[in-house]
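Sequence lines set the chain letters: A, B, ... in the order given, protein chains first and strands last, and positions in each chain run from 1. Basis for what follows: all heavy atoms, side chains included, without hydrogens, waters or symmetry-related copies.
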Amino acid sequence: MTVRTRFAPSPTGFLHIGGARTALFSWAYARKHAGQFILRIEDTDVARSTPEAVQAILDGMNWLGLNWDEGPFYQMQRMDRYKEMIQKLLDEGKAYHCYASREELDAMREQQMAQGIKPRYDGRWRPEPGKQLPPVPAGIPPVMRFRNPLTGNVSWDDLVKGHITVSNEELDDLIIARADGTPTYNFCVVVDDWEMGITQVIRGDDHVNNTPRQINMLEALGANIPQYAHLSMILGDDGQKLSKRHGAVSVMQYHEDGYLPEAVLNYLARLGWSHGNEEIFTMDQFCQWFDLDHITPSAAQFNTEKLNWLNANYIKQADMAELVADITKRLAAIGVAVTTQPALPDVLGLYRERASTLNALASSIIYFYQKPVVDAEAKQKHLTAEILPVMHALTQQLAASDWTIDAIHGAIEYAVTSNALKFPKVAMPLRVMLTGGTQSPSIDAVMVLLGKTETLARIQPFLAELQ
RNA sequence: GUCCCCAUCGUCUAGAGGCCUAGGACACCUCCCUUUCACGGAGGCGACCGGGGUUCGAAUCCCCGUGGGGACGCCA
């Protein structure tokens with residue numbers, strides 16, 4: 001049987017990091033087994049679903065490169081099919097109408113909680129042989145409930161968590177269609193997973209509790225039971241649960257923040273899954289290695305520092321043409337136009353090993369295309385009156401040099417030795433004048449990139465000012 | 001409250017009864033490289049939640065406890 005997995009988000013918000021990992025694992029499982037990966041949009045909550053959210057999910061998937069083989073299927077477009085199946089269950093006596101009002105049900109739950117028992121529907125409208133049902137209230141549209149078995153257990157071998165058993169006594173007759181006739185989540189999932197031939201349901205472990213209900217419905221429908229793999233959740237950097245209010249961000253935010261999709265993917269893959277000591281790997285390798293056996297059943301805390309480390313690695317390896325295009329865009333976004341000189345690939349060649357995000361990389365090279373803002377403290381510390389004569393002499397020599405890295409280095413070296421100074425004593429003032437700060441790659445390499453004219457132009461005002 | 005799940009360095013994890021003096025990675029510290037900062041290299045610090053079993057032997061299996069999480073919607 002060919003493997004068919006699915007990712008089934010509800011379009012009520014952006015694709016966040018937890019959803020992205022679920023999608024990644026489902027995708028990788030299908031790829032590993034040469035199967036199909038299906039995208040299904042669970043939009044039956046009309047009030048909360050939005051087209052913008054659908055687009056945001058698609059954008060996130062595309063950015064990560066998680067390509068799907070079928071879909072996206074929209075549940076709202078499959079209503080007729082669900083309704084047929086509901087009718088089938090009704091005809092077979094496996095579902096029934098319930099006329100209990102919301103107020104009535106709320107009161108029931110409250111009472112059960114007060115008694116210290118698990119709140120569950122008490123079956124007041126469930127038909128039984130010889131049972132007298134309440135009189136049907138007039139003008140009240142009923143909901144449809146699934147007739148869950150009263151006794152016995154439901155169990156399955158979860159591919160991540162192992163054997164799980166739940167007693168049917170813990171379950172109740174869930175609503176499968178609302179009063180307006182639209183089917184609810186648990187029912188749609190069951191019909192879709194069945195009809196789409198899903199073989200492995202890989203999803204978040206907040207669905208563990210839904211699984212026994214779904215298995216019961218699948219059985220009532222006469223459907224095959226897929227295998228289930230429940231992934232633990234991802235906690236925020238601070239160990240707290242991720243929520244809209246707290247820490248949950250769109251995967252596209254990582255794009256904006258300067259992360260490469262490869263890095264995010266690699267990080268996510270390694271969060272809760274492992275392949276021995278492998279830390280950095282391509283998606284091809286991941287798809288070959290991926291298996292459900294090596295997924296940790298416990299929750300994992302997100303660690304931005306490790307993501308940064310991975311991202312730095314991917315920035316170092318990135319294709320130069322792509323890097324140039326990306327950095328150009330990021331600089332443009334902050335109002336910096338990249339000119340032909342110095343050539344961006346040359347600059348990036350020197351700076352790419354120093355940054356852990358693309359944004360950091362972009363801002364680290366601004367001073368090649370704009371006059372730097374000089375750090376006052378650095379200026380005061382390094383641009384002293386005593387260094388002035390040395391700088392003057394050095395500038396003259398630089399002006400006459402042929403502007404190769406050796407020539408520049410030689411000129412600085414001469415200034416150092418002829419004045420009996422330490423190298424930084426000369427290099428630091430240059431760094432401050434040319435870059436505005438005290439941290440940069442080798443100053444001679446920076447000067448080569450900056451060019452003779454620009455270098456001298458940046459030094460000149462300081463010499464004048466110091467005089 | 002009830003049910004379900006989870007538990008190895010600060011974090012992500014390796015670990016399928018002896019290979020464990022518990023390995024790797026991030027972070028942190030030290031040193032090296034060096035022209036500052038990074039990068040890189042070499043070291044270091046650092047964990048099996050507690051208690052009972054089972055076993056010749058337990059991080060690993062079982063039970064209890066503790067702690068954490070999830071679920072209990074006409075949401076998904």
Side-chain angles (χ1 to χ4, degrees), chain A residues 8-12 42-45 47-49 75 98 100-102 105-106 109 112-120 141-145 158 160-162 164-167 169-172 174-180 182-186 188-189 204-212 230 232-233 235 237 239 241 267 270-280 293-294 296-310 312 316 351-356 364 378 382 409 412-413 416 422-428 430-432 435 437-445:
Chain A
S10 65
T12 55
E42 311 215 319
D43 53 357
T44 54
D45 185 352
R48 293 198 304 156
S49 297
Q75 289 188 322
C98 169
S101 68
R102 290 172 199 255
L105 294 173
D106 288 345
R109 272 184 215 111
Q112 287 165 330
M113 286 284 248
Q115 285 172 22
I117 58 174
K118 186 175 186 170
R120 50 196 288 282
V143 299
M144 192 77 66
R145 286 184 184 272
D158 196 277
V160 171
K161 293 182 185 286
I164 298 177
T165 299
V166 176
S167 167
E169 289 169 29
E170 294 297 330
L171 274 21
D172 63 3
L174 74 156
I175 293 172
I176 57 177
R178 302 175 177 92
D180 66 5
T182 58
T184 58
Y185 164 76
N186 273 295
C188 299
V189 167
D205 72 358
D206 47 337
H207 288 294
V208 167
N209 296 275
N210 289 326
T211 304
H230 287 101
S232 61
M233 60 187 308
L235 271 21
D237 244 328
K241 185 190 173 184
Y267 180 73
R270 196 60 192 65
L271 193 62
W273 174 85
S274 61
H275 184 72
N277 289 335
E278 300 291 345
E279 295 287 350
I280 300 179
D293 298 337
H294 289 84
T296 316
S298 55
Q301 193 171 316
F302 194 88
N303 186 234
T304 304
E305 285 175 332
K306 189 156 183 178
L307 205 214
N308 287 343
W309 172 76
L310 271 169
K316 283 182 215 170
Y351 281 74
R352 68 190 309 188
E353 300 212 339
R354 313 166 63 82
S356 60
S364 74
H382 297 286
H409 190 84
I412 298 173
E413 196 70 56
V416 167
K422 296 282 191 198
F423 204 104
K425 199 74 187 167
V426 176
M428 279 313 244
L430 286 172
R431 206 171 337 254
V432 172
T435 74
T438 56
Q439 298 173 12
S440 83
S442 297
I443 196 62
D444 44 17

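Between the side chain of A:Q115 and the base of B:G1 there is no donor-acceptor pair of N/O atoms closer than 3.5 Å. Side-chain atoms of A:H275 stay outside donor-acceptor range of the base of B:U13, with no qualifying N/O pair under 3.5 Å. Judged by distance alone with a 3.5 Å cut-off, no donor-acceptor contact links the side chain of A:N303 to the base of B:A27.
Along RNA chain B, the nucleotide closest to A:T44 and the one closest to A:G116 are compared, and the more 5′ of them pairs with A:G116. Between A:T165 and A:L271, the one whose closest nucleotide on RNA chain B sits nearer the 5' end is A:T165.
Among B:C12, B:C3, B:G70, the nucleotide with an atom closest to any side-chain atom of A:K118 is B:C3. When distances are taken from the side chain of A:E305 to each of B:C74, B:A27, B:G15, the shortest belongs to B:A27. Ranking B:A76, B:G23, B:C6 by closeness to the A:D45 side chain, first place goes to B:A76. Nearest nucleotide to the A:R270 side chain, out of B:U36, B:C4, B:U13: B:U13.
B:G46 and B:U11: their C1' atoms are spaced 12 Å apart (whole Å). Comparing B:U13 with B:C9, their P atoms are spaced 11 Å from each other, to the whole Å.
For B:C49, the paired base is B:G65 (Watson-Crick or G-U wobble, both distances below 3.5 Å).
OP1 or OP2 of B:C74 has not a single side-chain nitrogen or oxygen of A:T184 nearer than 4.0 Å.
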